[in-house]
Amino acid sequence: MAKTKFRPLHDRVVVRRVESEEKTKGGIIIPDTAKEKPQEGEIIAIGSGIRDDAGKLVPLDVKAGDRVLFGKWSGTEIKIDGEDLLIMKESDIMGILG
């Protein structure tokens, strides 16, 4: 079965959540029921950008492959080819991890 091609529009990005550690620094194992959804992810795809008031295309500051931090309730959860992803506006991203 072929992989679905998906490209977000305008200033939207597709993010794959990065799984958090299952242990604390002290070695305590965190059960699945107590884990929060990670607020860190990897950008999978980006839109072409947004147009300014003059109609000029302004490209996004992020690119595919960037690791980013985003808000706890940011984005919309989607499923593409059985994979859980998030789609959100670039403005929902707080920063790029370097």
Worksheet item: Any side-chain heavy-atom pair from Val62 and Val13 closer than 4.5 angstrom?
Response: yes
Worksheet item: Roughly how far, to the nearest 0.5 Å, is CG of Asp92 from OG1 of Thr76?
Response: 9.0 Å
Discussion item. Please tell me whether Ile96 and Met88 are part of a single hydrophobic cluster in this structure, the criterion being side-chain heavy atoms less than 4.5 Å apart.
Written reply: yes
Practice prompt. Give, for atom OG of Ser74 and atom CE of Met94, the distance between the pair rounded to the nearest 0.5 Å.
Written response: 6.5 Å
Response to the item:
Distance col, row Ser48:OG vs Leu60:CG, nearest 0.5 angstrom, shows 7.5 Å
Worksheet item: Roughly how far apart are Glu42 CD and Leu97 CG, rounded to 0.5 Å?
Response: 11.5 Å
Practice prompt. Report yes if the side chains of Arg17 and Glu40 come closer than 4.5 Å at any heavy-atom pair, otherwise no.
Written response: no
Fill in: Check: Phe6 and Leu85 side chains under 4.5 Å, non-hydrogen atoms
no
Worksheet item: Same cluster for Ile93 and Leu86 if Ile/Leu/Val/Met/Phe/Trp/Tyr side chains link at under 4.5 Å?
Response: yes
Discussion item. Do Ile44 and Val68 land in one hydrophobic cluster if side-chain heavy atoms of ILVMFWY residues count as linked below 4.5 Å?
Written reply: no
Worksheet entry | Interatomic distance, Leu9 atom CG to Arg7 atom CZ [nearest 0.5 angstrom] | 6.0 Å
Discussion item. Between the side chains of Glu90 and Arg12, is the shortest nitrogen-to-carboxylate-oxygen separation below 4.0 Å, so that they form an ion pair?
Written reply: no
Fill in: Closest non-hydrogen atom pair, Pro8 against Ile46
CG-C, 3.6 Å
